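I have placed the structure first, in the form of C-alpha cells, so that the comments after it can refer back to it.
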Protein chains: 2
Amino acid sequence: MGKGHASVKAMQRGALARATGCNLETIRYYETIGVMPDPPRDPNGYRNYGEDHVRRLRFITRARALGFSLDEIKGLLSLVDSHSQTCAEVEGVAAAHLKEVRDKIADLQRIEKALSDTVAQCSGAQIPDCPVLDALLV
Amino acid sequence: MGKGHASVKAMQRGALARATGCNLETIRYYETIGVMPDPPRDPNGYRNYGEDHVRRLRFITRARALGFSLDEIKGLLSLVDSHSQTCAEVEGVAAAHLKEVRDKIADLQRIEKALSDTVAQCSGAQIPDCPVLDALLV
DNA sequence: CTTGAGCCTGTATGTCCTACAGACCCTATG
DNA sequence: CATAGGGTCTGTAGGACATACAGGCTCAAG
C-alpha cells in the first residue's frame, strides 16, 4: 500500500480553480505565459493538477492581489524553482524584494489605521464630515 | 501679506506627475474615468493642480500598487469626498474594507518572513535548494 | 444512447494603463 | 522678430493582464 508520498488526488482545471479561487480561464492564461507549468495530461487530454499546483497558484493569485506584477512574481517563484541558482544569488533577489514588501506593509498599516479610526470615531454620530479620513490622504 | 492659506503654487500636469511618481498620461486617464476631479484650467487651457491633487493622486497610485481596484479606490475616496453621507454609512464602508486590508497585511507579512528568513539563512552558503523558500508557498 | 456537465482550443472582449501623432502655447536666444 | 525647444492640449492606438465566448470533444448518469 502506501506508495510513499503518493496520495496525489487527480485534479482537473475546474477543481484547481475552486481550490484556489482563481478564475478558470486565468489558469490557462498563466500556463501560456509560463508562470504556471504545463501540467501533465490525462489520456483524454485533460490537465491533471496536484497539491503543488494548488500552492503555487494560490501564491500567484495572492501576490497579484497585493499588487505584484507577473514579472515580479516570476522573480519570486524563481527563488523557489531555481535549483540552478546559488544561495548567494537567491539571497540577492530576496533582499531586493524585501524593501518593497516592507513598504507595502507600511502603506497598508496606515490605511488600516485610518479605517479603524473611522469605524471607532464615526460610530453613532451623524456628522457627515469625518476629519479622520484625511489620514487616508497623507 | 499672507493671503490666508493661499500659498497654492500652480502646478501643471507634468509637475503633478513628478510630485507623485504617477505617469503623465495616467493622470488624464484618471480624470476621464472620474477618480481624479477635473482640475481648474489656466487661461491657456492648461490644467492647474494644487496640494490636494498631489495627496489624492499619491493615495490612488499607492492603493493601486497595493492591489486595490479602481472601483475599490473610488469607494475609499468616497469616504473622503462624501459630505453627503452620514457617518453611519461611512462607518459601514470603512468596516467593509478593514477586513480586506488586514488580510493583505497578513499575506504580506508571511511573504516578508519568508524573504527575510531566506536572506538570513542562505547567506554565505552555497546550497542551491533552500527549504526556507517553501514558506512562500504556504 | 442521449443528455448535461466539464474539458479542449482559439479568439474576442474588458480593464487599466501607456505611448504616439498633430496642433497649440510659451520662453529663450540669436 | 523669427525660430527652436519644451511643455501642454486632444484623440486614438497599443500593450499587459485577464476574462468571456464559441464550437467541438469526453465522460458518467439516467
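No hydrogens, no waters, no symmetry mates; every other heavy atom, side chains included, goes into these values. Every value quoted in this text rests on a predicted model; they were computed, and no experiment measured them. Convention: sequence-line order gives letters A, B, ...; per-chain numbering from 1.
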Point to revise | Length of the CZ-P vector between B:Phe68 and C:dC16, whole Å | key: 15 Å

Check your understanding: Quick one: does B:Met36's side chain get under 4.5 Å of B:Ile27's, heavy atoms only?
Key -> no

Check your understanding: What does A:Ile33 touch in the nucleic acid at a heavy-atom separation under 4.0 angstrom: a base, only the sugar-phosphate, or nothing?
Key -> nothing

Check your understanding: Do the side chains of B:Glu112 and B:Leu108 get nearer than 4.5 Å, heavy atoms only?
Key -> no

**Study point:** D:dA18 OP1/OP2 closer than 4.0 Å to side-chain N/O of A:Tyr30
**Key:** yes

**Study point:** Side-chain (B:Arg13) to main-chain (B:Tyr46) donor-acceptor, under 3.5 angstrom
**Key:** no

Check your understanding: Would you say a side-chain N or O of A:Asn23 is under 4.0 Å from OP1 or OP2 of D:dC17?
Key -> no

Point to revise | For atom OH of A:Tyr29 and atom P of C:dG10, their distance in whole Å | key: 16 Å

Exercise for review: Check the distance between D:dA16's C1' and B:Leu70's CG and give it to me in whole angstrom.
Suggested key: 15 Å

Review point. Is a salt bridge present between A:Asp107 and A:Lys104, judged by a nitrogen-to-oxygen distance below 4.0 Å?
Key: no

**Study point:** Distance in angstrom units between B:Ile27 CD1 and C:dA19 C1', rounded
**Key:** 15 Å

Review point. Given atom CG of B:Asp71 and atom P of D:dA18, what is their separation to the nearest angstrom?
Key: 17 Å

Practice item. Provide, to the nearest angstrom, the distance between the NZ atom belonging to A:Lys74 and the P atom belonging to D:dC17. Key: 8 Å

Check your understanding: Hey, does the side chain of B:Thr26 come within less than 4.0 Å of C:dC17's phosphate (OP1/OP2), counting only N and O?
Key -> no

Check your understanding: By salt bridge (charged side-chain N to carboxylate O under 4.0 Å, His left out), which residues pair with A:Arg47, not counting sequence neighbours?
Key -> A:Glu31

Check your understanding: If the sugar-phosphate is the primed atoms plus P, OP1 and OP2 and the base is the rest, what is the B/S/- string for nucleotides 8-15 of chain D, using protein heavy atoms under 4.0 Å?
Key -> SSBBB---

Point to revise | Co-membership, hydrophobic cluster, residues B:Ile33 and B:Leu24, 4.5 Å side-chain | key: no

